[in-house]
Amino acid sequence: MESHTVPRKLLEQFAYDDAITGSKRLWRYEKGRPPYKKASPRTATRINCHFSDPDDATKESEIEKRLNREFEEPVNRFLFEITDPCFIPTDERRRQLAFYVTLLFQRSEARRLASTHLQQVFEHALELFIENESQVLTVAAKWSLESGCLLTRDVVVKMARAYSGANFKGANAQRSYVGMIQKAMSELDKELFAGDWNYIRTVPTDPFIISDAPVVTWQRMNNGPLSYGLGFHRADVEVLLPISPVVCLHIQPDVKRSSAARRPTVYEVNAAQAAFAARFCFSNIESVEIDRIFQENFGKAEMGVKSFTIWHRNYDTRPV
């Protein structure tokens, strides 16, 4: 089946009423192509087998239904109210929005594609381990003592490679992603919930856009530039989600902060939407400026490649 990565109701907030079809449509922006004016909110971010489980053919349908019933519908009841400048969420609504934001981040196509990054990092770390004779022999000795039988270096290497193949590739990578989605549905992000919530507003002639990876994160550096792709619990992180063409949710999670956050501009939000997008951004209008922003920024925060990477960590623990 085809799964929705961005809820239809949220996309409809960014749609226009098409006089010809009598239905809602989106202007779709794509790298290297002119804007397309007839994208449907119903199918714009629908992906085949996105939540499929290799072990359970019913799991994808179950996840889709839970996402809709438990997390989308409660927010849909007041989503349109957020455009009202007088909107103040209750604690319950903030709790619902916290789950909504967390799951929107995790369920995007960009986030799923980033899972391959973890596989690549693990394989890199595994090769460093295998090349380190001292480490392999230490593990062989430890396992020999624990099992009561002699395990050679070759056995340790074979077992390590088998573990890599069994847990980080193919069906198991998809199984791991589905498990992560289920975990996110059961755990409230307390730092996000307890953070400072604000709503950035603009005018219809200078609208926010939304991408197929709509929840973006950044840290504003001391001299002003933005560093994309921080986790929700990193110091100074800011989390943003456009709610409509005129409102963007701006959350500062309850983490260590070195200074007060600056109010983001419409350009900064739209550039981040383009930077994080897996394929598309959407708007209720055709705009040369929006297309320029998209074309110039698309891919700058590709997850697992240019953001949310862990290559910077030292996986080589060989003695100097």
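Since we're looking at a predicted model, the values are computed, not measured.
- The distance from atom OG of S52 to atom NZ of K59, rounded to the nearest 0.5 Å, is 12.0 Å.
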Could you walk me through whether E191 and R257 pass the salt bridge (charged side-chain N to carboxylate O under 4.0 Å, His left out) check?
CA-CA 13 Å; E191 287 80 4; R257 299 200 169 273; over 6 Å; no

Candidate pair L226 and Q219, rule side chain to side chain contact (heavy atoms under 4.5 Å, CB included), full reasoning
CA-CA 6 Å; L226 301 173; Q219 176 191 18; over 6 Å; no

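- Linking Ile, Leu, Val, Met, Phe, Trp and Tyr whenever their side-chain heavy atoms come within less than 4.5 Å puts V178 and I181 in one cluster.
- Here N270 contributes atom CG and C281 contributes atom SG; the two are 8.0 Å apart, rounded to the nearest 0.5 Å.
- Salt-bridge formation is detected for the pair E289/R292: a Lys NZ or Arg NE/NH1/NH2 atom is positioned less than 4.0 Å from an Asp or Glu carboxylate oxygen.
- At a threshold of 4.5 Å between side-chain heavy atoms, the hydrophobic network of Ile, Leu, Val, Met, Phe, Trp and Tyr places L241 and V239 in one connected group.
- When every heavy atom of P242 is checked against every heavy atom of P214, the shortest pair comes out as CD-O, 3.6 Å.
- Taking all atoms of both residues into account, the shortest heavy-atom contact from Q273 to I209 is CG-O, 3.6 Å.
- Residues L67 and I47 do not share a hydrophobic cluster, clusters being chains of Ile/Leu/Val/Met/Phe/Trp/Tyr side chains in contact below 4.5 Å.
- Follow the hydrophobic side-chain contacts under 4.5 Å out from Y36 and you never reach F298; the two are in separate clusters.
- Ring planes of F87 and Y199: perpendicular class, angle over 60° (limits at 30 and 60°).
- Here the two rings, on F14 and F208, have centers that are 6.0 Å apart or farther.
- Nearest heavy atom pair, residue D236 against residue S259, reads OD1-N, 4.2 Å.
- Taking the centre of each ring, F71 and F99 come in below the 6.0 Å mark.
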Any chance you could lay out the side chain to side chain donor-acceptor pair (under 3.5 Å) test for H250 and D196, step after step, and finish with the verdict?
CA-CA 8 Å; H250 178 215; D196 184 17; over 6 Å; no

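- Between Y100 and L10, some side-chain heavy-atom pair lies under the 4.5 Å cut-off.
- If you take NZ on K183 and CD on Q106, they are separated by 10.0 Å, rounding to the nearest 0.5 Å.
- Note on E73 versus R8: no salt bridge recorded, every NZ/NE/NH1/NH2 to OD/OE distance being 4.0 Å or above.
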Show the numbers, then the answer: is there a side chain to side chain contact (heavy atoms under 4.5 Å, CB included) between E70 and M185?
CA-CA 9 Å; E70 298 178 26; M185 289 192 286; 5.6 Å; no

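- Environment of CG in N48: crowded, with over 12 heavy atoms of neighbouring residues, nucleotides or ligands closer than 6.0 Å.
- Around the NZ atom of K190, the shell of radius 6.0 Å holds no more than 12 heavy atoms that belong to other residues, nucleotides or ligands.
- In terms of heavy atoms, F280 sits closest to A277 at O-CB, 3.5 Å.
- With a 6.0 Å radius and a threshold of 12 heavy atoms from other residues, nucleotides or ligands, R33 has its CZ atom at or below the threshold.
- Between L192 and W197, the closest heavy-atom pair is O-NE1, 3.0 Å.
- One finds the CG atom of L151 at 12.5 Å from the NZ atom of K158 (value rounded to the nearest 0.5 Å).
- Residue L240 is not grouped with residue I293 when hydrophobic side chains (ILVMFWY) are merged at heavy-atom distances under 4.5 angstrom, including chains of intermediate members.
- A tilted orientation is assigned to the rings of F294 and Y29, their planes being inclined by 30° to 60°.
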Given side chain to side chain contact (heavy atoms under 4.5 Å, CB included), test K37 with Y16 step by step and report yes or no.
CA-CA 10 Å; K37 69 177 183 179; Y16 68 93; 3.8 Å; yes

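- Annotation: the span from R153 atom CZ to Q135 atom CD amounts to 11.5 Å, rounded to 0.5 Å.
- Atom CD1 of I82 and atom CD of Q13 lie 8.0 Å apart (nearest 0.5 Å).
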Output, in order, the C-alpha distance, side-chain angles, deciding distance and verdict of side chain to side chain donor-acceptor pair (under 3.5 Å) for S23 and R25.
CA-CA 6 Å; S23 58; R25 289 291 185 264; 3.1 Å; yes

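- A salt bridge is defined here as a Lys NZ or Arg NE, NH1 or NH2 lying under 4.0 Å from an Asp or Glu carboxylate O, and R93 with E81 meets this definition.
- Residue L11 comes nearest to L26 through the heavy atom pair O-CD2, 3.4 Å, listed as atom of the first residue, atom of the second, then distance.
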When you look at Q295 and D291, which way does the side chain to side chain donor-acceptor pair (under 3.5 Å) test go after all the steps?
CA-CA 6 Å; Q295 301 299 334; D291 191 47; 3.2 Å; yes

Test side chain to side chain contact (heavy atoms under 4.5 Å, CB included) on E30 and R279; report intermediate values, then the result.
CA-CA 6 Å; E30 184 176 0; R279 291 187 292 175; 5.8 Å; no

